[in-house]
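To start, the structure under review is shown below, and the notes come after it.
Proteins come first, then strands; the chains are lettered A, B, ... in the order of their sequence lines, and each starts at number 1.
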There are 2 protein chains.
Amino acid sequence: MSLKIPSDTVSETPGSASAHKNVTTILKQLESDGIIGISVDCVIFGFDDNELKVLLIKSDMERYDNKWSLLGDLVNNHEDLDQAAYRILKERTGLDDVYLEQVKGFGAVGRHPAARVVTIAYCSLINIEHHKLKILDNELHWHRVTTLSEMAFDHRQILDVCYEWLQKRIQEHPLGFSLLPKQFSLRELQNLYEAILDVKLDRRNFRKKFFSMGLLEDTGELESDVPHRPGKLYKFNYDKYQKKERKKWFGIDF
Amino acid sequence: MSLKIPSDTVSETPGSASAHKNVTTILKQLESDGIIGISVDCVIFGFDDNELKVLLIKSDMERYDNKWSLLGDLVNNHEDLDQAAYRILKERTGLDDVYLEQVKGFGAVGRHPAARVVTIAYCSLINIEHHKLKILDNELHWHRVTTLSEMAFDHRQILDVCYEWLQKRIQEHPLGFSLLPKQFSLRELQNLYEAILDVKLDRRNFRKKFFSMGLLEDTGELESDVPHRPGKLYKFNYDKYQKKERKKWFGIDF
DNA sequence: ACCAAAATGTGTATTTTTTACACGGTAGAA
DNA sequence: TTCTACCGTGTAAAAAATACACATTTTGGT
């Protein structure tokens, strides 16, 4: 027997229905042969209406009817893990210039009902407005992360892990800007942090903190369409961040 | 065809030679069927002679002669990833009550010459003295992490990632104590941190820091066999650490 | 018995970072 | 014109991190 995973069929069929059908078929074959499959699941975060959102798709397996699942797919034979994650992102959102990072592998024996599948979870952060138009698939929806009903498979657990990862990561690395427009006000930035971390922050200290990092660039422009005094718009200086010397020593604290 | 991975053969054969031979056979079969294999590699850290060490095994594949590799094995069909990592640790060191944590998955297409294999790296921290007797396999050796020659496959890259992971992790969580005897002097603890982080720390501030955390317990005993004034011996209070409330907010800093 | 060597144990002053906190200004809406 | 809501700014207090020196205890050598 030869179980060549047909990459054309799996990866280049847009939408979910047909692709998922093929995946199901493949999984059955894997299961009958006692083979462990490997997949990538993308946890795609967005920020809208001052809330953290996650992009989910309706599972089309009967057993998981009406449950939402992460965007995932089997890994093709010729692509590495990162490539697989980028492919899924590209297929679902049309984007390839996005933040993407591996978070964790999940390999519980019974995590997938059809076969033994080990999945690698990736986190991606995108700006919802910027990418709204590219999502044509009706099965896709942005969900609030904080109020989320049951999910398919172990995807709730994966999401929880990724959310905690994000909360930590966003404080140490400038990921958050990927969720905002290129130009943003300090208020928007603070809303982002407050929403993701679920804390209230002092406005003046927040500004002081960010300005002292010297990575925000004044664009000279102002907010518009706000029913109050408009704030200045800034952009994040990635170049400066790259060149910045990282401090090696953070200090012991636990 | 059926490719049942014979768990008995793979996992319960001690030593490396015969087990690796079977793994090689299995990999050839995977490759010919175009199937992605999945393995776990353990990066086992120890601390000895004031240096960070890693436990390696001599690769028995011709192509990687005289190179050292991490302790790894294919994941069995009936065990989850963590279990696989614990199994490998148990087989190699005889231990099952050790620190173990998943670090990252590695899935470059050409990372293994025999077949496409995605591996999940786990880090483990053990006390070398405590476990010295259980390691009977002559192919196993503790190596300095800082001065390490070429390794097999992409294991050098995996080790590098795990070492960086350790450097960061050890500052936020009390992992380091797993590398020390149950009772240790503050000097030993400081040596550990200085070696792993490659920094020099002020002795008084280091002590102040750890005592202020309130997690070190004075055993009332003293060092012995030291050619100078003996220091007090402490142990780490894990219970107290567990009960301690974690601070949610660390502060933005990048 | 004494001395030298080496590492232990301890406190304070200085600097840096974090936190708390209030008011005048400006744009839009009514 | 007035109201509302948010923008922009500085300082004082507290907390945390850093720099730094000396007397003490043990071992080992003479």
Run the ring-centre check on Trp68(A) versus His155(A) and record whether the distance is less than 6.0 Å.
-> no

For Lys90(B), which residues count as a side-chain hydrogen bond (donor to acceptor under 3.5 Å, both in side chains) partner, sequence neighbours excluded?
-> Asp96(B)

List the protein contact pattern of nucleotides 21-30 of chain C with one symbol per nucleotide (5' to 3'): B for base contact, S for sugar-phosphate-only contact, - for none; contact means a heavy-atom distance under 4.0 Å.
-> BB-BBBBS--

Once you round it to whole Å, what is the distance between C1' of dA6(C) and CD of Gln190(B)?
-> 15 Å

Measure the distance from CG on Leu216(B) to C1' on dG9(C) and round it to the nearest whole Å.
-> 15 Å

In the 5' to 3' direction, the nucleotides of DNA chain D bounding the stretch that comes under 4.0 Å of a heavy atom in chain A are dA5(D) to dT11(D)

Roughly how many Å is it from CH2 in Trp249(A) to P in dT16(C), rounded to a whole number?
-> 19 Å

Rounded to whole angstroms, how far apart are NZ on Lys209(A) and C1' on dT19(C)?
-> 12 Å

Given the side-chain rings of Tyr234(B) and Phe236(B), with only the six-membered ring counted for Trp, is the space between their centroids under 6.0 Å?
-> no

Taking the six-membered ring for Trp, are the ring centroids of Phe47(A) and Tyr193(A) within less than 6.0 Å of each other?
-> no

Just checking Arg187(B): base, sugar-phosphate only, or nothing, at a heavy-atom cut-off of under 4.0 Å?
-> sugar-phosphate

When rounded to whole Å, the CD1 to C1' distance for the pair Ile252(B) and dT18(C) reads 13 Å

Nearest-Å distance, NZ (Lys200(A)) to C1' (dT18(C))?
-> 19 Å

Report the relative orientation of the aromatic rings in Tyr99(B) and Trp165(B); use parallel for angles under 30°, tilted for 30 to 60°, perpendicular for over 60°.
-> tilted

Apply salt bridge (Lys or Arg N to Asp or Glu O under 4.0 Å) to Arg144(B) and list each qualifying residue two or more places apart in sequence or on a separate chain.
-> Glu51(B)

Euclidean distance, atom CE of residue Met213(A) to atom P of dT16(C) [Å, nearest integer] | 20 Å

Considering residues at least two apart in sequence or located in another chain, which fulfil the salt bridge (Lys or Arg N to Asp or Glu O under 4.0 Å) criterion with Lys208(B)?
-> none

Can we call the ring centroids of Phe250(A) and Phe250(B) under 6.0 Å apart?
-> no

For Asp154(B), check salt bridge (Lys or Arg N to Asp or Glu O under 4.0 Å) against everything at least two apart and list the hits.
-> Arg111(B)

